[in-house]
Amino acid sequence: MTPVEVSQGDGPIVLGLPHTGTFLPDEVFEKLTSRGRGLDDTDWHIHRLYDGLLSGTTTVRATFHRYVIDANRDPSGTSLYPGQNTTGLVPLTDFDGNDIWKVSPSADEIEVRRKAFHAPYHAALSAELTRVHARHGVVILYDCHSIRSEIPFLFEGTVPDFNIGTNDGTTCADAVENAVTQICEKAGGYSSVLNGRFKGGWTTRHCGSPGDGVHAIQMELAQSTYLQAEVAPWSYDPAKAEQLRLHLAKILKQLDSLAREGLTR
């Protein structure tokens with residue numbers, strides 16, 4: 001299986017989808033515990049949730065699971081959130097802190113996975129950002145994520161519905177950050193936060209270069225906003241999802257307008 005799927009559009013928006021894949025090579029599957037094989041930390045159905053919201057978008061989607069290697073982590077292994085519980089380049093635990101490996105991967109294995117999966121994903125993403133930027137003079141990377149709303153190992157209490165990450169305003173122009181924040185704040189029945197527990201992963205921080213016309217923003221959605229329940233079998237709730245998609249469509253359309261009007265340059 002190819003590690004990345006790309007769908008090219010002619011608009012200025014690129015959707016990054018690093019955590020929706022569920023592919024596990026046989027040699028990885030065999031080393032996972034039964035808990036690990038459940039793949040609980042997948043960004044379930046996120047590609048379906050965003051599908052068709054805005055014509056002309058480019059999508060770059062990792063097909064492999066984050067337990068193979070996490071496409072949204074620094075390939076050097078440096079923590080995104082020093083001093084806080086998190087998972088690494090190849091997670092050793094799930095989001096609840098439980099071991100997921102019968103045999104933990106060695107440094108050599110991790111390097112093999114980096115070259116086979118992580119690097120191709122980011123090469124494809126970089127190529128699309130370059131292509132779209134060349135066409136429009138600007139590009140906005142919108143990195144699509146979701147997470148269970150309550151995970152005591154990672155954060156206290158309940159995470160807001162919309163978690164917007166710009167690494168404290170460094171990965172995109174103010175106009176981009178403000179547009180997304182304002183739409184989320186006005187979304188009735190939903191809660192939101194800017195640069196709270198999730199400030200944007202390695203993709204957002206690595207790719208965002210607003211001075212060069214490359215703007216990156218991460219959206220981490222609480223899975224309670226579109227799943228029937230945040231437990232297996234992680235079933236998609238069409239009614240919840242359609243309500244949420246109204247707001248996500250507003251976000252993408254507003255970002256598209258900003259990019260086309262040149263307000264992010």
Side-chain angles (χ1 to χ4, degrees), residues 12-20 41 43 46-47 49-50 57-62 66 69-89 91 95 118 121-122 124-126 128-129 132-133 138-149 151 154-155 159-185 191-223 225 247-248 251-252 254-255 258-259 264:
I13 307 299
V14 175
L15 302 183
L17 297 158
H19 290 154
T20 67
D41 300 332
D43 289 12
I46 279 291
H47 52 302
L49 188 69
Y50 280 92
T57 56
T58 292
T59 61
V60 181
R61 178 177 180 248
R66 68 192 306 157
I69 195 163
D70 194 327
N72 200 34
R73 294 293 184 270
D74 189 327
S76 74
T78 301
S79 176
L80 295 173
Y81 298 100
Q84 300 183 61
N85 285 340
T86 187
T87 52
L89 181 60
F95 285 168
H118 191 285
Y121 174 79
H122 282 282
L125 182 60
S126 178
E128 291 310 306
L129 293 175
V132 172
H133 185 275
V138 64
V139 59
I140 299 177
L141 169 62
Y142 180 99
D143 217 37
C144 309
H145 297 263
S146 73
I147 196 166
R148 284 177 284 141
S149 59
I151 306 179
L154 297 183
F155 49 82
V159 75
D161 298 321
F162 295 106
N163 298 267
I164 307 158
T166 64
N167 200 28
D168 296 322
T170 62
T171 65
C172 65
D174 289 346
V176 173
E177 182 181 274
N178 292 339
V180 177
T181 301
Q182 288 171 14
I183 291 171
C184 292
E185 288 177 344
S191 56
S192 65
V193 67
L194 172 65
N195 292 313
R197 175 61 178 84
F198 303 101
K199 298 178 184 292
W202 187 74
T203 303
T204 307
R205 303 183 198 191
H206 175 68
C207 295
S209 183
D212 298 317
V214 181
H215 305 268
I217 188 165
Q218 177 174 303
M219 178 63 77
E220 187 93 46
L221 297 169
Q223 291 179 346
T225 59
H247 302 292
L248 297 176
I251 290 171
L252 295 184
Q254 181 61 26
L255 292 181
L258 283 174
T264 58

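Computation of the quantities below employed the complete heavy-atom set of this structure, encompassing side-chain atoms and omitting hydrogens, waters and symmetry-equivalent molecules.
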May I ask you to test the [X]-[Y] pair for a side-chain heavy-atom distance under 4.5 Å?
X: Val159; Y: Phe198; value: yes
X: Asn167; Y: Thr204; value: no
X: Asp168; Y: Lys199; value: yes
X: Pro160; Y: Arg197; value: no

Go through the steps to decide whether Thr57 and Tyr142 satisfy the test side-chain contact (heavy atoms from CB on, under 4.5 Å), and finish with yes or no. CA-CA 10 Å; Thr57 56; Tyr142 180 99; over 6 Å; no
Please check if the side chain of [X] supplies one atom and the backbone of [Y] the other of a donor-acceptor pair under 3.5 Å.
X: His133; Y: Asp212; answer: yes
X: Asp43; Y: Ser146; answer: yes
X: Asp41; Y: Phe95; answer: yes
X: His19; Y: Ile147; answer: no
X: Ser191; Y: Asp161; answer: yes
X: Arg73; Y: Pro91; answer: no

For residues His206 and Asp74, is any side-chain donor paired with an opposing acceptor at under 3.5 Å?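 Distance-only check fails for His206 and Asp74.
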Say you draw a straight line from [atom1] of [X] to [atom2] of [Y]; how long is it, rounded to the nearest 0.5 Å?
X: Thr59; Y: Tyr50; atom1: OG1; atom2: OH; result: 13.0 Å
X: Phe162; Y: Leu248; atom1: CZ; atom2: CG; result: 5.5 Å
X: Gln254; Y: Ile13; atom1: CD; atom2: CD1; result: 10.0 Å
X: Asp143; Y: Cys207; atom1: CG; atom2: SG; result: 8.0 Å
X: Leu17; Y: Tyr121; atom1: CG; atom2: OH; result: 6.5 Å
X: Leu252; Y: Met219; atom1: CG; atom2: CE; result: 9.0 Å

Contacts table for residues 178-185: side-chain donor-acceptor under 3.5 angstrom, sequence neighbours left out:
{"from": "Asn178", "atom 1": "ND2", "to": "Asp174", "atom 2": "O", "distance (Å)": "3.2"}
{"from": "Thr181", "atom 1": "OG1", "to": "Glu177", "atom 2": "O", "distance (Å)": "2.8"}

Give the minimum heavy-atom separation between [X] and [Y], together with the two atoms involved.
X: Ala173; Y: His215; result: N-ND1, 3.0 Å
X: Val60; Y: Val14; result: CG2-CG1, 4.3 Å
X: Ala71; Y: His122; result: O-NE2, 2.6 Å
X: Ala259; Y: Ile140; result: CB-CD1, 4.1 Å
X: Phe155; Y: Ser149; result: CE1-O, 3.3 Å

Quick one: which of Asn72, Leu141, Thr171, Asn195 gives a side-chain contact (heavy atoms from CB on, under 4.5 Å) with Gln218?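 So, applying the side-chain contact (heavy atoms from CB on, under 4.5 Å) to Gln218 and each of Asn72, Leu141, Thr171, Asn195, only Asn72 qualifies.
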